[in-house]
Amino acid sequence: MTAERRVLDHQLKLHRWARDEPDRRFDDVFNLICDRATLLVAWERVSGNRGARTAGVDGLTRYHVEERHGLIPFLEELRSSLKDGSFMALPVKQAVIPKKNGKVRYLGIPTLRDRVAQMALKLVLEPIFEVDFYPSSYGYRPGRRAQDAIAEIHHFTSKPSNYEWVIEGDIKACFDNVDHHVLMDLVAERVKDRKVLRLVSAFLRAGVVELQGGFAESLTGTPQGGVASPLLANIYLSALDRYFSRIWDTEMTPAWRRQHRRRRGRPNFRLVRYADDFVVLVHGTREEAEALKAEIGELLASRLKMTLSDEKTHITHVDDGFVFLGFHIQRKLGGGGRRVVLTIPSKQALASVMHKIKKLTGRGTTSHSLEEVLRAVNPVLRGWAAYFRYGVSKRTFSYLGWYAWRRMNLWIRRKHPRMTWKQMRRRYFAADSITEGGIVLYNPAKMKVERYRFRGAQISTPYNIDEVDPRGARFRRTSHDDVAFVGQVSEYLA
């Protein structure tokens, strides 16, 4: 039996136990974290990520482990330290990513050893907590993606029940303000193994080595960049999902209850969340949406000790349009007087990818060959188009293809200022495409655009194969399930 198969068997058992026994608190799962197969799979997942080339505070990278230290001794040493309790999480190395508004986002880069341990922790905890997560949550979960969240918004705003008002939620510095005591209590609701709880706490309190060289304690928050951080954030924010799901299940399901609420002048509402970004669709009046916004603020403050940003939390009518996960969602009047909801790549997302292409084809890149530049530009265009293919994107794709062609044409002129247009066409153009060394500039307009089908709660994951048939066309898994893909695309949306 391969290590991957062994780990999957353990995950399936944990998931079924958690599903069949909703009140069960798991004990003695620490041994699964220390299992050699779990650590080997964790290493394969971590080393396969581009971040494996980035060192933490100890300076260790994948190359050092595989070529100098040796993989087996590295994993055995990690396993021994976990089992005998001598394992200590090292501080994360601070990194800064500039944001488009002039501010910066701080990331914490754990050591490679800590990343493997966090991945092992995630492999064991994820199938347990997946049972308790709610269908309205889509961020950083297996089998789910941003397009599912957009499809649910499209589904409800297109219904004749008129979910017209939208609360665009924004939590102030969400990942930085995670309260450790609240989070540990939420983890302890499902896991009572003290060794696992100590390991989670160790990662939370590891501290940060700042850019200036100083050390800062981690009293709150989960480090953005940690392998287990998305899972822990989902556990934390599931309290918000639970509140809305309880009301939906008990007071708004089935449909006749929602009709009864409206006749009594009470609003219906639906939460859609992707990590710390969420919207609440409201079937009611603006005043009712305002009251619900205040209720959400009180909930976050009382249960999660977080604050709803007044400046960034807006109440918008669906006819005016709003932006969520890079898509501009707006209801318009279509043919025959019928109202339709359109999901279009937002202007901000388009401007971001155009800036990326401009940077890759700037004056400072003319020392490279055209083939090298094409190898850098093509993945950006292809990844952006793959993300937005499930929207009304054809016109945007055509414009982006023209812009990329124009930038590459300008790049060639800068590199060869004395070359005539005829010479340029003969050397670099083939069938109106720019090419060199067999690499052709990718044209996003060739990407097939289609409607993404709303899958509801029936989404295939590695853990529910006994409930949802992965071969079904409606519930099939796609190639965009992995966190790495989401992380890469998010660079173009930020």
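Quick note: numbers below take in every heavy atom, side chains included, and nothing from hydrogens, waters or symmetry partners. Note that the numbering runs from 1 along the sequence shown for the chain.
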For the side chain of [X] and the backbone of [Y], is there at least one donor-acceptor N/O pair under 3.5 Å apart?
| X | Y | value |
| --- | --- | --- |
| Asn268 | His283 | no |
| Thr38 | Cys34 | no |
| Arg62 | Ser47 | yes |
| Lys312 | Gly169 | no |
| Ser346 | Ala349 | yes |
| Lys394 | Ala445 | yes |
| Tyr236 | Asp179 | yes |

Scan side-chain atoms only and decide if [X] and [Y] contain a donor-acceptor pair under the 3.5 Å cut-off.
| X | Y | result |
| --- | --- | --- |
| Asn443 | Arg382 | no |
| Ser137 | Arg273 | yes |
| Gln330 | His328 | yes |
| His355 | Ser352 | no |

Presence of salt bridge, [Y] and [X], under 4.0 angstrom:
| X | Y | answer |
| --- | --- | --- |
| Glu189 | Arg25 | no |
| Glu251 | Arg258 | no |
| Asp9 | Arg5 | yes |
| Glu76 | Arg36 | yes |
| Arg6 | Asp35 | yes |

**OP:** Test Arg145 against every option in Tyr140, Tyr387, Tyr452 by the side-chain hydrogen bond (donor to acceptor under 3.5 Å, both in side chains) rule and name the one that passes.
**Re:**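 It is Tyr452; the other options fail the test.
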**OP:** Scan Ser81, Ser86, Ser80 and name whichever one has a side-chain hydrogen bond (donor to acceptor under 3.5 Å, both in side chains) with Asp84.
**Re:**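 Running side-chain hydrogen bond (donor to acceptor under 3.5 Å, both in side chains) over Ser81, Ser86, Ser80 with Asp84 returns exactly one hit, Ser86.
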Rounded to the nearest 0.5 Å, what's the gap from [atom1] on [X] to [atom2] on [Y]? Could you check?
| X | Y | atom1 | atom2 | answer |
| --- | --- | --- | --- | --- |
| Arg246 | Thr250 | CZ | OG1 | 6.0 Å |
| Phe269 | Phe156 | CZ | CZ | 13.0 Å |
| Leu183 | Ser201 | CG | OG | 9.5 Å |
| Ile153 | Leu325 | CD1 | CG | 7.0 Å |
| Met306 | Ile296 | CE | CD1 | 14.5 Å |
| Ser393 | Ile344 | OG | CD1 | 8.5 Å |

Original post:
Are Phe388 and Phe327 near enough that their ring centres are under 6.0 Å apart?
Top reply: yes
Original post:
Hey, would you say the Tyr138 and Tyr274 ring centroids sit under 6.0 Å apart?
Top reply: no
**OP:** Kindly determine whether Ile357 and Leu360 satisfy side-chain contact (heavy atoms from CB on, under 4.5 Å), including the steps that lead there.
**Re:** CA-CA 5 Å; Ile357 294 169; Leu360 292 173; 5.6 Å; no
Close side-chain approach of [X] and [Y], heavy atoms under 4.5 Å:
| X | Y | value |
| --- | --- | --- |
| Leu308 | Asp170 | no |
| Val209 | Gln94 | no |
| Phe278 | Val272 | no |
| Thr54 | Leu112 | no |
| Leu350 | Pro345 | no |
| Phe30 | Val191 | no |
| Arg115 | Ile109 | yes |
| Val187 | Ile235 | yes |

Nearest atoms (heavy-atom pairs only) where [X] meets [Y]:
| X | Y | answer |
| --- | --- | --- |
| Ala385 | Phe397 | O-CZ, 3.4 Å |
| Ala3 | Leu40 | CB-CD2, 3.9 Å |
| Ala376 | Pro379 | O-CD, 3.5 Å |
| Ser136 | Ser245 | OG-OG, 4.3 Å |
| Leu197 | Met184 | O-CE, 3.3 Å |
| Arg389 | Lys448 | NE-O, 3.3 Å |

**OP:** Take Lys192 and Phe26 through the side-chain contact (heavy atoms from CB on, under 4.5 Å) test and state the conclusion after the steps.
**Re:** CA-CA 6 Å; Lys192 66 177 181 180; Phe26 285 80; over 6 Å; no
**OP:** Show the numbers, then the answer: is there a salt bridge (Lys or Arg N to Asp or Glu O under 4.0 Å) between Arg144 and Glu130?
**Re:** CA-CA 12 Å; Arg144 294 167 178 263; Glu130 269 296 315; 5.1 Å; no
Subject >> Heavy-atom neighbours of Lys305 NZ exceed 12 at 6.0 Å >> reply: no
**OP:** Evaluate side-chain contact (heavy atoms from CB on, under 4.5 Å) for His154 paired with Phe454, printing each intermediate quantity in order.
**Re:** CA-CA 8 Å; His154 182 273; Phe454 175 52; over 6 Å; no
Subject >> Verdict with supporting geometry, Asp58 and Arg113, salt bridge (Lys or Arg N to Asp or Glu O under 4.0 Å) >> reply: CA-CA 9 Å; Asp58 62 352; Arg113 183 199 62 153; over 6 Å; no
**OP:** Please say which of Arg24, Arg242, Arg190 ends up in a salt bridge (charged side-chain N to carboxylate O under 4.0 Å, His left out) with Asp132.
**Re:** Arg190
Subject >> Phe203 vs Asp114, side-chain contact (heavy atoms from CB on, under 4.5 Å): CA-CA, chis, key distance, verdict >> reply: CA-CA 8 Å; Phe203 288 129; Asp114 289 357; 4.1 Å; yes
**OP:** Please state whether the rings of Tyr163 and Trp248 are parallel, tilted or perpendicular, taking 30° and 60° as the class boundaries.
**Re:** tilted
